Amino acid sequence: MPDLAAPLVEWYRANARDLPWRQPEFGAWGVLVSEFMLQQTPVYRVIPHLEAWLARWPTPTDLAAAAPADAVRQWANLGYPRRALWLHRAAVEIRDRHDGVVPSDIDALLALTGIGDYTARAVAVFAYGDRHPVVDTNTRRVLARAIEGRSQPGPPSRRDLAAMNAILPEDRTTAAVVNAAAMELGATVCTARIPRCDVCPLSDRCAWLAVGRPDTGDERRKQAPYEGSDRQARGAVLRTLRDAANHAVPLADVVPDWPDALQRDRAIDSLIADGLAEADDGMLRLPA
DNA sequence: AATACGTGGGA
DNA sequence: TTCCCAAGTAT
């Protein structure tokens, strides 16, 4: 296997974006919040929300003391609002199980609500400097191209962690940089569409470029259409609840003009089932 | 393992 | 305009 770590590190030193969570003093809580927000949401949309969030709740204990409704409201239009609920639950768990300190142990992190394989390792590595492989969608694409010669990665797998681990240097500080660099390269150069191979630090050893950048046909699953979907209906309902000045809305006033009343009611029920809404006395509200 | 889950910007 | 897709997780 070609050495990927050295060129990645050199490239990262010169080209990494100056992102808030990369400041040394940013703190584990800030890193954790940023990782929740970055799950499926672009960097440029996260940054302003992250700063507002941390100004309001500077520690896990601060957030744990708030109502879930406040977390969902503060989440605003970041999307996937259950992440706000899960982040709040994680804060409660950190307060109750870890004395208010974000843990660095992978298994302890994995046990927190809303934290999976990616986020657990991202926190341990980027907040605490521990040595683990961190694999996100960017890294999977970089490895698929540079090592396997494929245009897109296959389905996520535990093998991805082993592949990343195989290119990590022994030194933990450098290993953390390699993790960040692989993600950064995938985000800014080795992109899903129109990769910029002309400025890529791996171009002289990339298996995919060497064989002429073929489309290897590994289609990623197409996202279901959003227009007319249940998700869109849920989004409309939740927006109504977020924007309600008195924090509660009569059920009859919840998107009354939605084209499909049955779909709207289904959305309301599913939001209640998810803990994102509560109904009582004919009123609908965010969870207290 | 496949599916559900928001939102909005860029090409 | 329409389509793609963005630092994933839970079930």
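Below, read A as the first sequence line, B as the second, and so on, with proteins coming before strands; counting in each chain starts at 1. Predicted, not measured: the structure shown is a model, and the values here were computed from it.
- Side-chain contact annotation: A:Gln74 with A:Arg56, donor-acceptor N/O pair under 3.5 Å present.
- The side chain of A:Asp136 lies closest to C:dG8 when the candidates are B:dG6, C:dG8, B:dT7.
- Note on A:Arg83: every side-chain N or O is 4.0 Å or more away from OP1 and OP2 of B:dC5.
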Going by atom type alone, with no hydrogens or angles, which donor-acceptor pairs under 3.5 Å involve a side-chain atom of residues 177-187 of chain A and a protein atom two or more places apart or on another chain?
unit_1: A:Asn179; atom_1: OD1; unit_2: A:Val134; atom_2: N; d: 2.9
unit_1: A:Asn179; atom_1: ND2; unit_2: A:His132; atom_2: O; d: 2.8
unit_1: A:Asn179; atom_1: ND2; unit_2: A:Ala175; atom_2: O; d: 3.2
unit_1: A:Glu184; atom_1: OE1; unit_2: A:Arg17; atom_2: NE; d: 3.4
unit_1: A:Glu184; atom_1: OE1; unit_2: A:Arg17; atom_2: NH2; d: 2.9
unit_1: A:Glu184; atom_1: OE1; unit_2: A:Arg22; atom_2: NH1; d: 3.3
unit_1: A:Glu184; atom_1: OE1; unit_2: A:Arg22; atom_2: NH2; d: 2.8
unit_1: A:Glu184; atom_1: OE2; unit_2: A:Arg17; atom_2: N; d: 2.9
unit_1: A:Glu184; atom_1: OE2; unit_2: A:Arg17; atom_2: NE; d: 2.9
unit_1: A:Glu184; atom_1: OE2; unit_2: A:Arg22; atom_2: NH1; d: 3.4

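- Residue order along DNA chain B, read from the 5' end via each residue's closest nucleotide, puts A:Pro156 first among A:Pro156 and A:Ile194.
- An OP1 or OP2 oxygen of B:dG8 is reached within less than 4.0 angstrom by a side-chain nitrogen or oxygen of A:Asn77.
- For the segment residues 168-192 of chain A, the set of residues with a heavy atom within less than 4.0 Å of an atom of DNA chain C comprises A:Met183, A:Ala187, A:Ala192, in numerical order.
- Phosphate proximity of B:dT7 to A:Arg242: present, with a side-chain N or O under 4.0 Å from OP1 or OP2.
- Counting non-hydrogen atoms under 4.0 angstrom, A:Trp21 reaches a base of the nucleic acid.
- The OH-P distance, from A:Tyr80 to C:dG8, rounds to 10 Å in whole Å.
- The main-chain N or O of A:Val123 is never found under 3.5 Å from a side-chain atom of A:Glu35 such that the two would form a donor-acceptor pair.
- If you check every strand for non-hydrogen atoms under 4.0 Å, A:Pro155 touches nothing.
- Using a 4.0 Å heavy-atom criterion, one finds that A:Ser34 contacts no nucleic acid atom at all.
- The residues A:Arg266 and A:Asp269 are annotated as not salt-bridged, no charged nitrogen and carboxylate oxygen being separated by less than 4.0 angstrom.
- Residue contacts for A:Ser270: at a heavy-atom cut-off of 4.0 Å it reaches no nucleic acid atom on any strand shown.
- Residue A:Tyr226 places at least one side-chain N or O closer than 4.0 Å to OP1 or OP2 of B:dT7.
- Within 4.0 Å of A:Asp274, counting heavy atoms only, lies no atom of the nucleic acid at all.
- As judged by a 4.0 angstrom heavy-atom cut-off over every strand, A:Leu78 is placed among the base-contacting residues.
- A:Asp99 contributes no side-chain N or O that, together with a main-chain N or O of A:Val101, makes up a donor-acceptor pair within less than 3.5 Å.
- For A:Lys222 and C:dC3, the NZ to P distance is 10 Å, given to the nearest whole Å.
- Here A:Arg141 reaches the OP1 or OP2 of C:dA6: one of its side-chain N or O atoms lies under 4.0 Å away.
- Spacing between B:dA4 and C:dA7 at atom P, rounded to whole Å, works out to 23 Å.
- A:Thr119 contributes no side-chain N or O that, together with a main-chain N or O of A:Gly116, makes up a donor-acceptor pair within less than 3.5 Å.
- If you check residues 35-49 of chain A against DNA chain B, the residues with a heavy atom closer than 4.0 Å are A:Gln40, A:Thr41, A:Tyr44, A:Arg45, listed by number.
- Across all strands shown, A:Leu276 has no heavy atoms under 4.0 Å from either base or sugar-phosphate atoms.
- Using a 4.0 Å cut-off between charged side-chain N and carboxylate O, A:Arg234 and A:Asp274 make a salt bridge.
- Looking only at distances, a side-chain donor or acceptor of A:Arg83 sits under 3.5 Å from a matching main-chain atom of A:Phe36.
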